[in-house]
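No experiment lies behind these values; they were computed from the predicted model shown. Every chain is numbered from 1 and lettered A, B, ... according to where its sequence line falls, protein lines coming before strand lines. Just so you know, these numbers use all the heavy atoms, side chains as well, and skip hydrogens, waters and symmetry mates.
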2 protein chains.
Amino acid sequence: MDHLPSWLLSQVSSHAHRLVTEGFGAAGARGYHYRLLDSLVTGGPASQAALGRRTGIYLSDLVGALNELESAGFVRRSADPADKRRNVVSLTAAGRERAAELGERAAAIQDELLAPLSAAEREQLTGLLRRLLDHHAAR
Amino acid sequence: MDHLPSWLLSQVSSHAHRLVTEGFGAAGARGYHYRLLDSLVTGGPASQAALGRRTGIYLSDLVGALNELESAGFVRRSADPADKRRNVVSLTAAGRERAAELGERAAAIQDELLAPLSAAEREQLTGLLRRLLDHHAAR
DNA sequence: CCCTAACGTTAGTGCGTCCAATGTTAGGCT
DNA sequence: AGCCTAACATTGGACGCACTAACGTTAGGG
């Protein structure tokens with residue numbers, strides 16, 4: 001069975017997931033929080049629908065995650081004057097700090113996950129994964 | 001964010017997971033079933049504890065998965081005469097057939113998942129993943 | 001002979017992904 | 001203008017997988 005890439009992938013991903021939930025969990029966060037904050041940092045404010053497209057998170061799950069981030073003061077929902085259907089989600093100052101904090105944790109997690117690989121191998125891996133992702137993300 | 005391997009890994013793994021659950025789900029199975037049947041084919045009969053070690057499935061989850069496989073007639077639990085604590089889990093004839101059927105599906109899923117990669121690249125990928133897995137599986 | 005460890009089982013948690021249904025608002029078509 | 005369809009935010013639910021805690025039973029070593 002250990003010859004099948006999907007098995008390997010799921011096993012490695014399971015370890016990765018454990019590292020991520022441990023690392024973020026120790027800070028009282030989870031994967032969705034980081035994904036959202038990071039997307040807001042690099043992509044700017046956006047409606048929830050746009051945020052969902054950017055992060056790959058389902059709209060229904062986004063609601064809950066944003067509720068958590070909002071009541072923690074990291075994020076703000078404001079009505080879009082140009083389109084009353086939309087909430088414009090943006091970072092607060094605290095949210096920007098939080099994003100930086102979680103970013104550092106993410107880097108540490110990265111390092112632990114990829115510990116056995118050289119820098120060149122890490123790039124190889126990300127290149128291959130990226131191509132797989134691009135292929136499948138295109139539906 | 002798309003520069004972080006753990007993000008890539010989780011995204012790719014998410015697509016892989018979707019393909020797997022779709023592929024197996026269409027046959028009324030799920031990942032645990034295939035993992036277990038395959039492990040029984042390649043590793044022979046074993047106690048549940050040993051099976052858990054071989055597949056990486058938690059003992060507690062194994063119970064449920066084996067219940068499903070057993071009531072479908074694919075697997076048999078028999079008391080180990082040498083150790084009354086153990087159940088020896090073994091394949092039935094139907095189970096062997098089922099394993100072959102799911103194996104074919106697994107191969108098709110593989111192919112779909114790795115479609116954009118050449119044979120050499122697939123080996124590169126599995127090599128890298130395997131090294132990550134070995135590193136982290138060693139606790 | 002007792003203590004500890006291994007075994008199988010039950011129950012419950014958490015995260016991430018996904019689907020279905022609802023009410024609201026925008027925008028295109030006629 | 002009015003209608004219809006699509007987009008948006010939200011709720012409530014489901015499932016797969018990983019993981020923990022607790023329990024009773026049995027083996028085996030000190």
Side-chain angles (χ1 to χ4, degrees), chain A residues 6-7 9-36 46-68 70 75 77-89 136-137 139, chain B residues 6-7 9-26 28-36 46-53 55-68 70 75 77-89 136-137 139:
Chain A
S6 81
W7 155 264
L9 202 58
S10 82
Q11 291 293 296
V12 173
S13 158
S14 159
H15 283 285
H17 181 261
R18 191 170 37 73
L19 291 176
V20 165
T21 54
E22 278 174 11
F24 285 150
R30 57 190 181 108
Y32 277 6
H33 296 167
Y34 175 61
R35 281 207 228 168
L36 288 169
S47 71
Q48 297 185 191
L51 220 42
R53 278 177 235 119
R54 264 154 47 170
T55 58
I57 300 177
Y58 264 60
L59 276 293
S60 45
D61 304 315
L62 233 151
V63 175
L66 285 181
N67 287 344
E68 292 160 8
E70 192 175 32
V75 127
R77 276 191 257 223
S78 32
D80 185 338
D83 188 335
K84 285 171 190 164
R85 293 171 304 178
R86 285 182 233 251
N87 286 336
V88 176
V89 181
H136 291 288
R139 251 138 246 83
Chain B
S6 81
W7 155 263
L9 203 56
S10 83
Q11 291 293 295
V12 173
S13 158
S14 159
H15 283 284
H17 181 260
R18 191 171 38 73
L19 291 175
V20 165
T21 55
E22 278 173 12
F24 286 148
R30 56 191 181 107
Y32 277 4
H33 296 166
Y34 176 62
R35 281 206 229 169
L36 288 170
S47 72
Q48 297 185 194
L51 220 42
R53 278 176 233 120
T55 57
I57 300 176
Y58 268 63
L59 277 294
S60 44
D61 301 317
L62 233 150
V63 175
L66 284 181
N67 286 343
E68 292 160 8
E70 192 176 31
V75 125
R77 275 190 258 223
S78 33
D80 185 339
D83 188 335
K84 285 171 190 162
R85 292 172 305 180
R86 281 176 230 232
N87 287 336
V88 177
V89 180
H136 290 289
R139 254 146 244 84

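- If you take OH on B:Tyr32 and CG on B:Asp61, they are separated by 4.5 Å, rounding to the nearest 0.5 Å.
- Nearest heavy atom pair, residue A:Leu51 against residue A:Leu62, reads C-CD1, 4.1 Å.
- Summary of the strand contacts: A:Thr21 and A:Asp61 both lie near DNA chain C, and taking for each the nucleotide with the nearest heavy atom, the more 5' one is attributed to A:Thr21.
- What separates CG of B:Leu19 from P of C:dC18 is a distance of 10 Å, to the nearest Å.
- We find that NE2 of A:His15 is positioned 11 Å from C1' of D:dA18, with the value rounded to whole Å.
- Proximity of A:Asn87 to the phosphate of D:dT10: a side-chain N or O atom is located under 4.0 Å from OP1 or OP2.
- In terms of phosphate contacts, A:Arg30 brings no side-chain nitrogen or oxygen within less than 4.0 Å of OP1 or OP2 of C:dG14.
- One atom, OH of A:Tyr58, and another, P of D:dC8, lie 15 Å apart when rounded to the nearest Å.
- Note: CG (B:Leu59) to P (C:dA5) measures 17 Å, nearest angstrom.
- Among the nucleotides C:dG8, C:dC15, C:dA26, the one closest to the side chain of B:Ala49 is C:dG8.
- Comparing A:Arg18 and A:Gln48 against DNA chain D, the residue whose closest nucleotide sits nearer the 5' end is A:Gln48.
- Residue A:Gly25 is out of contact with every strand shown, counting any heavy-atom pair closer than 4.0 Å.
- The side chain of A:Ser47 sits closest to D:dA9 out of C:dG8, D:dT26, D:dA9.
- Within the 4.0 angstrom heavy-atom criterion, base atoms lie near A:Ser60.
- Of the candidate nucleotides D:dT11, C:dT10, C:dA6, C:dA6 has the atom nearest to the side chain of B:Arg53.
- Proximity note for B:Asp83 (side chain, C-beta onward) versus D:dA27, D:dG16, C:dC15: the nearest is D:dA27.
- As judged by a 4.0 angstrom heavy-atom cut-off over every strand, A:Gly31 is placed among residues touching the sugar-phosphate backbone only.
- Along DNA chain C, the nucleotide nearest B:His17 and the nucleotide nearest A:Arg85 are compared for position; the residue whose nucleotide lies closer to the 5' end is B:His17.
- Distance A:Leu66 CG to D:dC8 C1': 13 Å, rounded to the nearest Å.
- Computed from coordinates, the B:Glu22 CD to D:dC15 P distance equals 16 Å when rounded to whole Å.
- Here C:dT9 presents its C1' atom at 12 Å from CG of B:Leu62, a figure rounded to the nearest Å.
- The only option from B:Val20, B:Thr21, B:Leu19 that meets the side-chain contact (heavy atoms from CB on, under 4.5 Å) definition with B:His17 turns out to be B:Thr21.
- The interatomic distance linking A:Leu51 (CG) with D:dC8 (C1') rounds to 13 Å, in whole Å.
- The main-chain N or O of B:Val89 is never found under 3.5 Å from a side-chain atom of B:Asn87 such that the two would form a donor-acceptor pair.
- Between the side chain of A:Arg35 and the backbone N or O of A:Thr55 there is at least one donor-acceptor pair closer than 3.5 Å.
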